[in-house]
Amino acid sequence: MTEIRDIVAIDGPAGAGKSTIARRVAEALGFAFLDTGAMYRAATWWAMHEGINLDDPAALEKATSEMDLDLQEDGGITRVCVKGHDVSDAIRTPEVTRNIHKLDRSPGVRALLVELQRATGSRGPTVAEGRDIGTVVFPKAKCKVYLDASIEERARRRAEEFTRKGLAVDIAEVRADIRTRDEKDMTRAVAPLRRADDAHVIDTTHMTPQEAVDAIVALARSAWSGR
Ligand code: DC
């Protein structure tokens, strides 16, 4: 399974622009798109919905194995269904976001989701984004990218997203939340966020999304043409 190669792996911290950029790269290359964060979000939503004790790793693993997750790309968004409920919006609430770390540090939960991710990636050329794609999920990916941006810029983008959705934002709070997530993502014992040794670093702080897309598409084209 770890031999799956037809993958563009895009990792990076929260707010670096991964989803938007990765989806557009997939479109440009004609590849499938896989948002692995949506899987951790769906598992968290399901555990909360079922009233599972989030501090009980065995119960979280059991719930994850039973959630009947289905992801479908639909007009530029990932439709996420859990046991037939469409949770595409519900998985993006601050309550879910705050609890994800209870699941994403569980080796059992990760093993189940990584297996699903590999099954998806084995169906054909795929752009996959997350935290451990180039390091753990698809270590043989032909093209690996680590997308980064300054914390100020990531907070600004997140705040803009909330404002667009009509939600009140306190930029200092958004920045603090991002800092906490960075720390949790980078310091957890299993599959922490880190740049794979062979990943290209792209700092998007001063780039438009399209510039980042163009840079990744160029890297992917040269990887696939064997140059
Ligand atoms: O990319 P996102 O914000 O939707 O991801 C939500 C959380 O899921 C993120 O804080 C860490 C976790 N995650 C992970 O541990 N491994 C992945 N491959 C993707 C996401």
Side-chain angles (χ1 to χ4, degrees), residues 2 4 7-23 25-26 33-48 54 57 60-61 64 67 69 71 73 77-80 82 87-121 126-139 141 144-149 151 154-155 157-159 161-162 165 174 176-196 199 204:
T2 51
I4 302 167
I7 302 286
V8 178
I10 303 183
D11 291 302
K18 288 190 306 292
S19 311
T20 313
I21 292 167
R23 182 175 271 112
V25 169
F33 169 65
L34 176 62
D35 172 355
T36 63
M39 293 182 166
Y40 289 90
R41 289 176 176 280
T44 305
W45 177 85
W46 173 241
M48 290 166 71
L54 300 183
L60 292 176
E61 190 180 333
T64 302
M67 72 174 161
L69 179 64
L71 300 187
E73 283 310 296
I77 65 154
T78 300
R79 284 251 154 257
V80 182
V82 170
V87 294
S88 312
D89 294 324
I91 61 170
R92 311 241 168 234
T93 60
E95 292 71 31
V96 169
T97 304
R98 265 197 293 274
N99 282 323
I100 300 173
H101 72 102
K102 302 258 183 187
L103 283 89
D104 71 24
R105 66 187 175 188
S106 152
V109 168
R110 295 201 77 86
L112 288 165
L113 297 184
V114 167
E115 192 182 313
L116 273 180
Q117 291 156 18
R118 288 184 181 150
T120 309
T126 301
V127 177
E129 61 104 335
R131 303 292 189 288
D132 59 344
I133 307 302
T135 51
V136 173
V137 185
F138 300 117
K144 297 184 189 177
V145 172
Y146 187 89
L147 267 194
D148 212 344
I151 183 128
R154 290 189 284 130
R157 291 176 190 167
R158 243 323 110 80
E161 237 171 72
F162 287 136
K165 287 183 187 162
V174 174
D177 275 353
I178 289 190
R179 221 181 267 288
T180 309
R181 282 180 72 195
D182 280 0
E183 197 179 309
K184 289 202 160 90
D185 284 351
M186 291 175 182
T187 60
R188 66 171 172 245
V190 260
L193 168 63
R194 69 169 182 85
R195 182 181 79 81
T204 67

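Start at 1 and go down the list; that is how both ligands and their atoms are numbered.
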Would you say that [X] contacts [Y] through its side chain, given a criterion of any heavy-atom pair below 4.5 Å between the two side chains?
X	Y	answer
S88	T78	no
T44	K102	no
L71	D35	no
T204	R157	yes

Test of understanding: given a 4.0 Å heavy-atom threshold, classify the contact between [X] and ligand 1 as side chain, backbone, both, or neither.
X	answer
R188	side chain
K184	neither
R181	side chain
D35	neither

Of the listed options (H101, R92, R131), which comes nearest to atom 2 (P) of ligand 1 when hydrogens are ignored and any heavy atom counts?
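Closest candidate by heavy-atom distance is R131.
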
Can you tell me which residue and heavy atom of the protein come closest to [atom], and the distance to 0.1 Å?
atom	answer
atom 19 (C) of ligand 1	T36 OG1, 3.4 Å
atom 20 (C) of ligand 1	G37 CA, 3.6 Å
atom 18 (N) of ligand 1	D132 OD1, 2.8 Å
atom 16 (N) of ligand 1	R110 NH2, 3.0 Å
atom 4 (O) of ligand 1	R41 NE, 2.7 Å

Would you list the pairs meeting side chain to side chain donor-acceptor pair (under 3.5 Å) in which at least one residue belongs to residues 128-139, sequence neighbours left out?
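Pairs touching residues 128-139 that pass the test: S19-E129, R110-D132, R131-D185.
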
So if I count the atoms of ligand 1 from 1 in the order they appear, which ones are less than 4.0 Å from some heavy atom of [X]?
X	value
D104	11 (C), 12 (C), 15 (O)
G130	18 (N), 19 (C)
I100	6 (C), 7 (C), 8 (O)

Report yes if some N/O of E129 lies less than 3.5 Å from some N/O of ligand 1; otherwise report no.
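No, there is no polar N/O contact under 3.5 Å.
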
Ignoring hydrogens, what is the shortest heavy-atom contact between V137 and Q117? Give both atom names and the distance.
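So the two residues come closest at CG2-OE1, 3.3 Å.
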
What is the minimum heavy-atom distance between H101 and R98, and which atoms define it?
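Heavy-atom minimum between the residues: CD2-O, 3.0 Å.
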
Residue pairs involving residues 8-22 (criterion salt bridge (charged side-chain N to carboxylate O under 4.0 Å, His left out); sequence neighbours excluded):
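Non-adjacent pairs meeting salt bridge (charged side-chain N to carboxylate O under 4.0 Å, His left out): zero.
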
Thinking salt bridges, do D182 and R154 make one under a 4.0 Å N-O criterion?
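Yes, D182 and R154 are salt-bridged.
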
